[in-house]
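Report on the structure given below.
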Amino acid sequence: MVRPLILARDADPVRTRALVAAGVHPLLARLWAARGLDQTGPTEWAALIPPNRLTHVDRAGQLLADAIQADRRLLIVADYDCDGATACAVAVRALRAMGAQVDFLVPNRFETGYGLSPAVVELALRHPAGRPDLLVTVDNGIASIEGVAAARAAGIEVIVTDHHLPGPALPDALAIVNPNQAGCGFPSKHLAGVGVIFYVMLALRAALRARGALPPRGGPKLETYADLVALGTVADVVRLDANNRLLVGQGLRRIRQGRMQVGLAALFEVAGRNPARAGTDDLGFALGPRINAAGRMADMSLGIHCLLEDDPARALELAKALDGINRERRARETIMREEALAHLDTHAQARAASVCVWQPGWHPGVIGLVASRLKETYWRPALAFAPDDGDTLRGSGRSIPEVHLRDALDLVSKRLPGAILQFGGHAMAAGLTLRTAAFDDFSRHFDDAVRTLGARESFEPRLDTDGSLEPDYMTAETASLLADQIWGAGFPPPLFQDRFRVLHQRLLKDTHLKLFLERDGQRLDAVWFNHAEPLPDLIEAVYRLDCNTWGGRTSVQLLIEDAREAA
């Protein structure tokens, strides 16, 4: 593991004082100011950015209202990740509540690939619920030029709702709702796919109200789907700007109050998490992976059915099935990661500017997770491949801030024509199909592209902290206060940095370091997970606060992220 450069965030004192004056807790004021906030930000629904700021959202609402009133059959085409699953659940639940005939179809990543492809259109034509009159994509579709054309050729119209970056050409759909399309004036460009379809449902309800099909303030209470919006938004790791923080905050509020979808309650149960204390970590690291596992290892429709289920017993059965799939995913990922590390330790490429690795028998649904682990271990762009049909490899990559991964693949495609059969993605993640025989040449060219774009031979990770934590805040109450806040991508949870004396240390299960620390006369429990090396007597530690409940007593515990000998 590459040791990070540790840097402290700078909290603007003017912003901090303004937040304190507005009634914000002094510690939160300092943390928020360090993340660029100078006001408390919107928290209530009235502060949500209005739907009409989204290009084509009103048109999509009118088209859906037409379809409902004409009793046309709708089909949601979803993506096979948690954002796509929650977006599908929001669409199906809301549309049914507004009188629509609607069902869903989710592509199988191993058979038809991503998005609305011509192959998916063929599946839609043979859907068990009947041939659809209108397809609505959620969390995909902005690149589905051929798929939309195939649907229209078959006499089916398409509405695209997506949040991914568009290419130079757009599909010929009836309406395209995407905050990132050219000319869209929506202030938040970071809506997840579930956020986009939530806005479309708001527009549909407004259209039905305007037509008199619903009472002026009637129809389904769409805020009841805020838990699904929160889950998909956090799981997709989109930037938590003010609008997304509002959406996530509203969803967490409902979850903590016990007013969540039955399927979410079941997922909390199988994950062993307490919904009354739910935070973004629970959504991103407990519920999200269990939904994602279905798309990685089996069939995402299982996850969607769990989110749509209203019978508690059946929802629990589905949640247990998802939990079992996730356990299988973890086991497979562990084996693949260990094989990758063993292979790289004996090859010079582990010391290069990038990482490229593949092994026979690897599961294509897990390679993205392996690439992510390799990126973190070596702190360089990483690509992991699994055998695909015939003589090709399917690859997934993760990158670091210094190297735009899609641009690197584009450069390789120009320097090594014919090796890459197809590729796509963005700065931090991408996928590709590669000729197996070209793997070695591709690895060398990819490493050269990384050096070219990164303008260096090696890269150094950084760990941003919030500096020292005042001793009076080293309490379980502070840990609980921080856990109640909305942290995530673009608004990272707080890390603190302080000097401690190590009074005692021992290994737990041969993998975790259990510590007893002392700072300014205060003695504290701490854990460094997945770290087995003993520490010196005096350390400089980067940590976060956590609540540890044992024997009915709750105390503060430090979760160590990095520790090294104090100078």
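Here the structure is a predicted model, which is why all the values come from computation and not from measurement.
- Applying the salt bridge (charged side-chain N to carboxylate O under 4.0 Å, His left out) rule to pairs touching residues 405-425 yields D410-K414, sequence neighbours excluded.
- When the side-chain contact (heavy atoms from CB on, under 4.5 Å) test is applied to E339, the partners found at least two apart in sequence or on another chain are I335, Q359, W362.
- Close placement of the F104 and H305 rings is indicated, their centers lying within 6.0 Å of each other.
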Check against side-chain contact (heavy atoms from CB on, under 4.5 Å), C306 and L322: CA-CA 9 Å; C306 181; L322 291 170; 3.9 Å; yes
task: For the pair V412 and D448, evaluate side-chain contact (heavy atoms from CB on, under 4.5 Å) and give the outcome as yes or no after the intermediate values.
output: CA-CA 9 Å; V412 175; D448 288 341; over 6 Å; no
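- By the 4.5 Å heavy-atom criterion applied to side chains, D281 and W487 are not counted as neighbours.
- Between C184 and L54 there is a side-chain heavy-atom pair separated by less than 4.5 Å.
- With sequence neighbours left out, D441 forms a salt bridge (Lys or Arg N to Asp or Glu O under 4.0 Å) with R444.
- For the pair R337 (side chain) and L374 (backbone), a donor-acceptor distance under 3.5 Å is absent.
- H164 and N140 form no side-chain donor-acceptor contact under 3.5 Å, judged by distance and modelled atom types alone.
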What side-chain donor-acceptor pairs closer than 3.5 Å can you find for residues 192-200, not counting sequence neighbours?
unit_1	atom_1	unit_2	atom_2	d
Y199	OH	I49	O	2.7
Y199	OH	N243	ND2	3.2

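- A 4.5 Å side-chain heavy-atom check between P381 and V355 finds every atom pair outside the cut-off.
- In this structure, a donor-acceptor pair under 3.5 Å is present between the side chains of N326 and R329.
- Here D282 pairs with R273 under the salt bridge (Lys or Arg N to Asp or Glu O under 4.0 Å) rule; sequence neighbours left out.
- Atoms CH2 and CZ, on W358 and R394 in that order, are 14.5 Å from each other to the nearest 0.5 Å.
- Looking at heavy atoms from C-beta onward, V121 lies in side-chain contact with L116 at the 4.5 angstrom threshold.
- Rounded to the nearest 0.5 Å, atoms CG (D83) and CG (D236) are 4.0 Å apart.
- In terms of modelled atom types and a separation under 3.5 Å, the side chain of S372 and the main chain of G368 share no donor-acceptor contact.
- For T511 and N530, the side-chain atoms include no donor-acceptor pair closer than 3.5 Å.
- When atom types are taken as modelled, the side chain of S144 and the backbone of V148 share no donor-acceptor pair closer than 3.5 angstrom.
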message: Would R245 and D241 count as a salt bridge (charged side-chain N to carboxylate O under 4.0 Å, His left out) here? Give the steps.
response: CA-CA 6 Å; R245 291 182 72 232; D241 57 17; over 6 Å; no
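- The local environment of CZ in R373 is sparse, with at most 12 non-hydrogen atoms from other residues, nucleotides or ligands closer than 6.0 Å.
- A salt bridge links D466 and R35; the closest N-O separation between the charged side-chain nitrogens and carboxylate oxygens is under 4.0 Å.
- Inter-residue side-chain proximity for N180 and F186 is flagged as unmet; no heavy-atom pair is nearer than 4.5 Å.
- Under a 3.5 Å cut-off, the side chain of R256 and the backbone N or O of R254 do not form any donor-acceptor pair.
- Residues D447 and S354 bring a donor and an acceptor atom of their side chains to less than 3.5 Å of each other.
- Salt bridge annotation for E317-K320: absent, with no cationic side-chain nitrogen under 4.0 angstrom from a carboxylate oxygen.
- A cation-pi arrangement is absent between R544 and F496 under the rule of less than 6.0 angstrom and at most 45 degrees off the ring axis.
- K375 places no side-chain N or O within 3.5 Å of a backbone atom of I400 that could act as its donor or acceptor partner.
- Atoms CG and NE2, on L513 and H531 in that order, are 6.0 Å from each other to the nearest 0.5 Å.
- The backbone N or O of L75 lies less than 3.5 Å from no partner atom in the side chain of D103, so there is not a single donor-acceptor pair.
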task: Decide side-chain contact (heavy atoms from CB on, under 4.5 Å) for I420 and R435; before the verdict, give the C-alpha distance in whole Å, the side-chain angles of both, and the deciding distance to 0.1 Å.
output: CA-CA 7 Å; I420 302 176; R435 296 188 190 280; over 6 Å; no
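- L123 places a side-chain heavy atom less than 4.5 Å from the side chain of L105.
- A heavy-atom distance below 4.5 Å is found between the side chains of I486 and L252.
- In this structure, R462 pairs ionically with D464, as a charged nitrogen and a carboxylate oxygen lie closer than 4.0 Å.
- In this structure, CG in L434 is found 10.0 Å from CG in L409, a value given to the nearest 0.5 Å.
- Looking at residues two or more places apart in sequence or on another chain, you find a side chain to side chain donor-acceptor pair (under 3.5 Å) between D299 and S301.
- A donor-acceptor contact shorter than 3.5 Å is absent between the side chain of Q261 and the backbone of D227.
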query: Passes side-chain contact (heavy atoms from CB on, under 4.5 Å), H363 versus I367? Steps please.
result: CA-CA 7 Å; H363 195 292; I367 51 177; over 6 Å; no
